[in-house]
Amino acid sequence: MRENFELAEPAFLSNMVIYPIGGEGEDVEVALLEEESRNGRARILETGEVNSLDVDYDGGAELFIIQGEEIIGARQNRIFASSMVLPRGRERVPVYCVERGRWSGEGELRPSGYIAFPTVRSIISSEGPEIQSTVWKEISRKQTTLKVQSKTMAMTESFRQRQDELNYYRDYQPLPDQVGFAVFSNLRFLGLDIFANGKLFRAFMEKLLLSYGLDALEDRMTSGAGQAPSPAKVLRALRETKLEEKEVPGTGKLLAGIARLLVVRKLAKEGILIHASVFPR
Amino acid sequence: MISSKFGRFRIKRWLGGGRFADVYLVEDPLIGKEFALKIARGREENLKQLIEEVKLLAELLHPNIVRFYTVEKDGERVGIVLEYIQGKSLREIIKEEAPMDRGRALMLLKQMADAIDYAHEKGVLHRDLKPENIIASGTSVKITDFGLAFFMEGEMTRSVAGTPPYMAPECWKGKYYPESDIFSLGVIAYEMLTGINPFFSDSIETTLKKIKKGISRDQVPPHLGPKIAKAIAKATSKEPENRFSKALEFLNAMVEGEDKELIILKGKPKRKRAELTREQLEAAHSPFRYTLVVGGPGTGKTQTLIERVSYLIEKGVAPEGILITTFTKKGREDLAERIARHQKDAVNYLWLGTFHQICSRVLEANLELIGYPAGFVVVPERISSAKLRKVMDRLGIKYSLSEFSALISRVVSSLRPIEGLKIGEEKKKALKQALEAYRELKREEGIMDYDDVLFLTHELLRKNPLVREDYQEFITDILVDEFQDLNNLQFQIIKLLLGPKTRLFATGDDDQSIYQWRGGRPELIREFKKIFPENSNVYLLTRSHRLGEGIISPALNLISANKRRMEKVLWSEKKHGKLVVEHLPTRAEEEEFVVSEIAQEALKGRSFNEFAILARSNYLLRGYVRKLGENEIPYSIMFAKNLVRKREITFLLDFLRFLRKPTKSSFFFFLNLGDKLVNKEDFKGKRNYVELLKEHENPKVRERAGFLASLMEKSGEIPPATALKLAVEYTGILKRGTLQSRMIRSETIGEFLDLAQDFQERNPRADIPGFLDYIKLLEGQGIFHAEEGVKVLSVHASKGLEFPVVFIVDAYEGAFPPFTTKMGSRRLEEERRLFYVAMTRATEKLYIIYPHKEGRNPVEPSRFIREILGFVPIF
């Protein structure tokens, strides 16, 4: 599996610092949930349980879903628990609820266009007890800090209500061979995402920028600098952390591990790295 | 997006930002100078107009105005390059100090007023004066963003610039006059002096309503006086023409009629740093990477360490990166309190703790890597030794528990194998077996003892380079107090935490090393330069500020008999200090003598707090405790401040009270602890509720009810310390919270268990009611609060303390030192150091006392007395 990536000069978006990560892209053909859902080839259905959904997929290439991708509607909004590659057919997948105050409604779920913010992705990447309740607590904390109001405590409202300020964090131009980035705020390391190739990275880039932006926006309230590992160190953790294989639906292989303050996850298929992420714990 | 360069400036980091602009710290690579670069989020459409405006700004050269340098363009973006000031915004200062000292507030306001009048004369209005735009550095302030409000607010709000709670009424209509800035200054002055913004509100409409009314005189607190009230009311009048036309007029109106000039205070009057000697300052400001400060008793080593902390913080070192270890919990508390006097803000960010507290934080962050089950418990020594007892019984090992417990601790803390111990082969074999089974049992039961916390941290750092490097990068400075008391394990942890750039600053005194018996390494002091040969230095503190020559000389006579020590100088300007060596026929008479001396001295006006009775071992003190009690002299036997007021202890005491006198509601309280299993109301009127619950359908209820019932039945027979251990296990009190909080709780409970054990040993028929009465008695005497009374302590417990009058009692061979024959020179040297520590606790008068007999057996005076005096007094 590819492990050598290069860091480029950082770019600044207000208090957010982005270190582009470049590398040779690998040939991977996958379909994306948002598009497949829009054209009706991917349907997301309730199972009657909070922490699982069925994905019914009828497309050509295998379907790639990124960890933290939000789907809304039906009985309550959810996010996918991990990145995965799904073949055609119906698959039961693990999810977390990101709308604590609702368990009503009908129909199917659809992608909201948002990816959970890094602190939530870090929680669902860690192995610990009571992940669901920790996710709810984190969403509630974030909404209080950012003065977001949502009767059902829906995460998606945090993005909607702070859209104007978040747009500033989207103003980013990727480098030609960029396959990912490591993102920092003035106070801390926010996270890292790397994809199989530039095309796949660019497909998620804006959503990820919004996602990182939500954490950066909170840190922007505090002037000054905090302490964070260097981007090179984060890349080193990605390369050297001891990983264990974890269960994941579909045809991909999920590897996960923890290096002190960082949580590392890699999704690979047939020896090719599809998506990797690193978050602070 | 802004790349790492903006025009010719290299961006270093984000400094801050508002809704419409960000400020970055940048460097001009041509001249190598740092600037602040302000970049608006708007685009260049208004560039021409901006350039016209900034031409005016370029004219502003005033010591209290942040200097404008140039405009820089990068693509479509425009940035304003300004002087970079390292300081705090007035907003931060208000947060910290408001209501501010009147003199200091006026001193800062005067500088602002000067700057405002100067800019107005040049035809530049600020239009957005607020505490965020005022930066204070030392005693001077600078106003930033003069005339930039429009630029910063961008196109959307071009007609109105400013920040609502500081905006004069006319500004809301887009009109600006010099008096508009004076209105803002009036609001700022009010906020500095009261800590309140009078116009702040949840809604903009309410803010506007309030602003239209201005600040009335009644709103100004009376203690500020009528002149200030009148001046602020005028500065914030609704109509611009009713305000002052110049800022300085406003300032003068506030002090009108006062003879003196404006009082200029250099900063908020802070508690002065203790006066430090040149040798202390040199050491505290050491430029070396590895620094050791060595000094005798009272030379101010800890004070030097505190100065080091302030020095580092003032140099810009982040407090989060400063790790400070102390040897005891009490040492940690004292140090935190003393640092807080100088670094109130930073103290909470420092990584300050005992070794166990620090290591538990490291383990907490890496639970997955240590292979221990989640939710494990750190148990106090009393509980861990019970587990070892269990293992030894199971294996049929007949050796003494305390010996094995000490041997295991020595093996773990020295990081050396059992083979290296100087004990018989059979004992080694048994020890190996016991250690292995003990470790297994602890893992099985999910518990750690105190040694494990250190050992596992060491293993974690040693085996995981990524983890180690993270800490090495994070920690910039390691400060170690009482360096001589570190055992090998602790020293190796420090070494693992030392990264390629980490600085080490240690203080200590090999003569005061009294923990060699549990692995302390006084040679760390003597061999510091050998251990750290590069970039290291040893500083000597020679002047004792605490002791007089009358104590120093005899103490040095004693300690110089030790061969393994670093030679050092100790002197004092104080000539006082009196040594009295006294001998009495029996121990009872010795006790009588001490108590009567205390009573007589107290009659002369000394407080009982000024006395300490020190003995080599706790058992030697019991007679004194009794005697003091009989004579109604207040005393304190421990320093656990407010121990019984700590939540975990009151909780355990509640459990004991329940066992002493069970009530239905307390039974249900402890039954439902943690999760509500049954409803008390369902058992209303049922007297046989215990029996019913023992038969309950829920097995958890059955188990808990059975356990509580059996304890209730046997409560008369269970000794208090055992009952407390059972309470700790049943209530799961050590399982809650983070590992760090569990560690601290465990230490507190350990202290309390020691107290119960001590009570039990002194009272063979000790029971729960007796123990509860004892606690009540101690509380009644104020003993837990340790504020009043004669301190009765073992020498080990007296380390770091000082008292005007000290009695070292039972200074005879067999008691101090505790062995008469076969004492190896190392152990004897440790005993000598212990005696030295005891002597140097006294600042004015030191008594050394010994009896002629112990029971019926004659005893010899301590050999240390001969070494101190050069002879032994004849009786």
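Chain letters run A, B, ... following the sequence lines, proteins first and then strands; every chain starts at 1.
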Close side-chain approach of E206(A) to Y172(A), heavy-atom, < 4.5 Å: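 Contact flag for E206(A)/Y172(A) side chains = no.
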Side chain to side chain, L235(A) and L192(A), heavy atoms closer than 4.5 Å: yes
Q163(A) atom CD, neighbour heavy-atom count above 12 within 6.0 Å: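 Yes - once you tally the heavy atoms of other residues, nucleotides and ligands closer than 6.0 Å, there are more than 12.
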Cationic tip of K142(A) above F117(A) ring, under 6.0 Å, 45° of axis: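 Here K142(A) passes the 6.0 Å and 45° test against F117(A).
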Point-to-point distance, once rounded to the nearest 0.5 Å, from CZ of R141(A) to NZ of K137(A): 12.5 Å
Best-contacting candidate, F474(B), F6(B), Y471(B), against chain A by heavy atom pairs under 4.5 angstrom: Y471(B)
Most chain A-contacting option - heavy-atom pairs closer than 4.5 Å, from E92(B), E320(B), E469(B): E469(B)
Taking every non-hydrogen atom, the tightest pair across G191(A) and F279(A):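 Result for this residue pair: CA-CD2, 3.8 Å.
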Check against ring pair (Phe, Tyr, Trp, His ring centres under 6.0 Å), F184(A) and F189(A): CA-CA 4 Å; F184(A) 294 74; F189(A) 166 57; 5.1 Å; yes
Contacts of residues 209-218 of chain A with chain B (heavy atom under 4.5 Å):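 Listed by number, there are no contacting residues, so the answer is none.
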Contacting moiety of L369(B), where chain A heavy atoms sit under 4.5 Å: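 Contact with chain A is through the side chain of L369(B) alone.
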Top contributor to chain B interface from R170(A), E9(A), R236(A), E240(A) [non-hydrogen pairs under 4.5 Å]: R236(A)
E83(B): partners by salt bridge (charged side-chain N to carboxylate O under 4.0 Å, His left out), with sequence neighbours left out: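 By the salt bridge (charged side-chain N to carboxylate O under 4.0 Å, His left out) rule, E83(B) matches K142(B).
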